[in-house]
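Below you'll find the structure, written out as structure tokens, and then a few comments.
All residue numbers refer to positions in the sequence shown, counting from 1.
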Amino acid sequence: MSDSVREVSTGRRFEFGKNWQSFLSTLDEERILEAEKSLRTMLECDDLSGKTFLDIGSGSGLSSLAARRLGARVHSFDYDPQSVACTAELKHRFFPDDQDWQVEEGSALDEGYLRSLGSFDIVNSWGVLHHTGDMWRAMKNAVIPVSETGLLFIAIYNDQQEQSKMWAAVKRAYCRSRVGRAMVLAIFVPYFFLQTVAIGLVRYRNPFKAFSEYKKKRGMSAVHDWVDWLGGYPYEVAKPEEVIDFHRDMGFQLRKLVSTNRLGCNQFVFEASRATERAEKWHRDDASGERPSVRASG
């Protein structure tokens with residue numbers, strides 16, 4: 001039994017991969033194109049030909065697929081065996097026997113594993129590092145494979161203080177028992193449904209239009225995102241300035257920020273600036289105990 005499966009069985013982790021397997025049944029060309037558009041927009045380029053792309057926590061595999069279709073050589077890994085299977089399924093569907101897309105199981109908390117992968121032009125980890133159980137260490141490890149002139153694209157849950165604490169309690173309840181899961185779904189899914197219908201009426205004058213428009217959010221699905229949000233545990237949060245300062249200390253400069261003042265993710269693109277040298281020192285100091293640990297507030 002893998003560590004991920006053991007954590008799920010003891011109520012300490014959400015079945016991320018199971019939700020992604022369900023999501024793949026909804027995947028179509030329009031969703032894939034939206035995922036490609038999102039990558040192009042955030043990375044500010046139209047083509048990834050000649051680039052190497054590391055997907056930390058590949059989940060459904062959609063970001064990896066988008067990067068490969070844009071021309072990148074891709075390496076995907078995930079801690080959850082079912083998520084690895086999802087990514088492998090997309091590779092099999094669209095790029096069978098392709099040597100320029102590798103898929104495997106691995107952990108963002110395993111520093112040795114990250115070092116073994118080499119360097120990449122683009123390191124991507126969208127909405128993953130805050131689900132590892134040790135977000136700041138995962139963020140520290142995520143810089144290891146970024147090349148000296150590379151980009152790091154991450155998305156981290158926004159710290160909403162008391163609201164974030166409340167949602168952490170909801171997520172724990174969801175994961176710890178079948179009764180807790182049933183109660184969470186019974187309470188919040190109708191609320192999310194009615195909220196989405198209201199948005200459709202106000203914005204589009206069509207109660208169901210907001211559901212079809214949702215795929216424009218990186219090709220995602222509203223219902224699967226609801227489940228991911230309600231059960232997504234472990235769960236940590238950070239203020240944008242904390243994430244920016246953290247990476248600046250490791251020699252990374254902020255290139256692009258898409259922030260939210262609500263629940264959800266802040267998106268960051270950092271570019272390396274003397275990153276390798278400073279990150280190595282950061283790791284040495286941390287290992288020797290010379291540098292204080294960093295924790296999320298709230």
Next on the checklist: Under 4.5 Å between side-chain heavy atoms, counting indirect links through other Ile/Leu/Val/Met/Phe/Trp/Tyr residues: same cluster for Leu185 and Tyr233 or not?
Outcome noted: yes

Checklist entry - What is the minimum heavy-atom distance between Pro145 and Leu54, and which atoms define it? => result CG-CD2, 3.5 Å

Next on the checklist: Could you check whether atom CE of Met166 has more than 12 heavy atoms from other residues, nucleotides or ligands sitting under 6.0 Å from it?
Outcome noted: yes

Checklist entry - For Val237, does its backbone N or O pair with a side-chain atom of Asp159 as donor and acceptor, under 3.5 Å? => result no

Item to check | Thr26 and His224 side chains, donor-acceptor separation under 3.5 Å | outcome: no

Checklist entry - Do Asp134 and Thr132 get their side chains close enough for a donor-acceptor pair, meaning under 3.5 Å? => result no

Checklist entry - Relative to each other, are the rings of Phe208 and Phe193 parallel, tilted or perpendicular (30° and 60° limits)? => result tilted

Checklist entry - If you draw a 6.0 Å radius around NZ in Lys18, do more than 12 non-hydrogen atoms from other residues or ligands fall strictly inside? => result no

Item to check | Heavy-atom pair with the smallest gap, counting every atom of Val128 and Ser125 | outcome: CB-OG, 3.4 Å

Item to check | Side-chain donor-acceptor pair present, Thr52, Asp121, cut-off under 3.5 Å | outcome: yes

Next on the checklist: Does Lys171 have more than 12 heavy atoms from other residues, nucleotides or ligands lying within 6.0 Å of its NZ?
Outcome noted: yes

Checklist entry - Any luck finding a side-chain donor-acceptor pair between Asp225 and Tyr214 under 3.5 Å? => result yes

Checklist entry - Are any non-hydrogen side-chain atoms of Ile154 and Phe270 less than 4.5 angstrom apart? => result yes

Next on the checklist: Any non-hydrogen side-chain atom of Gln253 less than 4.5 Å from a side-chain atom of Arg248?
Outcome noted: no

Next on the checklist: Please tell me whether Trp126 and Gln267 have a donor and an acceptor in their side chains that are separated by less than 3.5 angstrom.
Outcome noted: yes

Next on the checklist: Would the distance check show the side chain of Asn158 and the main-chain N or O of Arg262 forming a donor-acceptor pair, the cut-off being under 3.5 Å?
Outcome noted: yes

Checklist entry - So do Glu105 and Tyr113 actually touch side chain to side chain, heavy atoms under 4.5 Å? => result no

Next on the checklist: Please tell me whether Ser64 and Asp55 have a donor and an acceptor in their side chains that are separated by less than 3.5 angstrom.
Outcome noted: yes

Checklist entry - Taking the six-membered ring for Trp, are Phe252 and His247 parallel (under 30°), tilted (30 to 60°) or perpendicular (over 60°)? => result perpendicular

Checklist entry - Taking the side chain as C-beta and beyond, is there a heavy-atom pair between Leu65 and Ile32 under 4.5 Å? => result yes

Item to check | Contact check, side chains of Val74 and Gln102, non-hydrogen atoms, under 4.5 Å | outcome: no

Next on the checklist: Can you classify the ring geometry of Phe14 versus Phe16 as parallel (below 30°), tilted (30 to 60°) or perpendicular (above 60°)?
Outcome noted: perpendicular

Next on the checklist: Treating Glu44 as the side-chain partner and Thr41 as the backbone partner, does any N or O pair qualify as donor plus acceptor under 3.5 Å?
Outcome noted: no

Next on the checklist: For a ring-ring contact (aromatic ring centres under 6.0 Å, His included) check, start with the C-alpha distance between Phe246 and Trp136, then their side-chain angles and the critical distance, and finish with the verdict.
Outcome noted: CA-CA 9 Å; Phe246 184 87; Trp136 296 103; 5.0 Å; yes

Checklist entry - Does Phe120 reach the side chain of Arg73, with side-chain heavy atoms less than 4.5 Å apart? => result no

Next on the checklist: Here's a test for you: under side-chain contact (heavy atoms from CB on, under 4.5 Å), which of Val146, Val143, Leu114 qualifies with Val123?
Outcome noted: Val146

Checklist entry - Atom CG of Leu129 and atom NZ of Lys140: how far apart are they, to the nearest 0.5 Å? => result 13.0 Å

Item to check | Greater than 12 external heavy atoms within 6.0 Å of Arg203's CZ | outcome: no

Checklist entry - So, His75 and Glu104: side-chain donor and acceptor under 3.5 Å apart, yes or no? => result yes

Item to check | ring-ring contact (aromatic ring centres under 6.0 Å, His included) between Tyr157 and Tyr235, worked out | outcome: CA-CA 8 Å; Tyr157 277 139; Tyr235 167 74; 5.3 Å; yes

Checklist entry - Does the side chain of Ser58 come under 3.5 Å of the side chain of Thr87 through a donor N or O and an acceptor N or O? => result yes

Next on the checklist: Within the structure provided, determine whether Leu33 and Arg69 are in side-chain contact (heavy-atom separation under 4.5 Å).
Outcome noted: yes

Checklist entry - Any side-chain heavy atom of Pro96 within less than 4.5 Å of one from Lys91? => result no

Item to check | Closest contact, heavy atoms only, Arg218 versus Ser38 | outcome: CG-OG, 3.4 Å

Checklist entry - Are more than 12 heavy atoms from other residues, nucleotides or ligands located less than 6.0 Å from atom CG of Asp28? => result yes

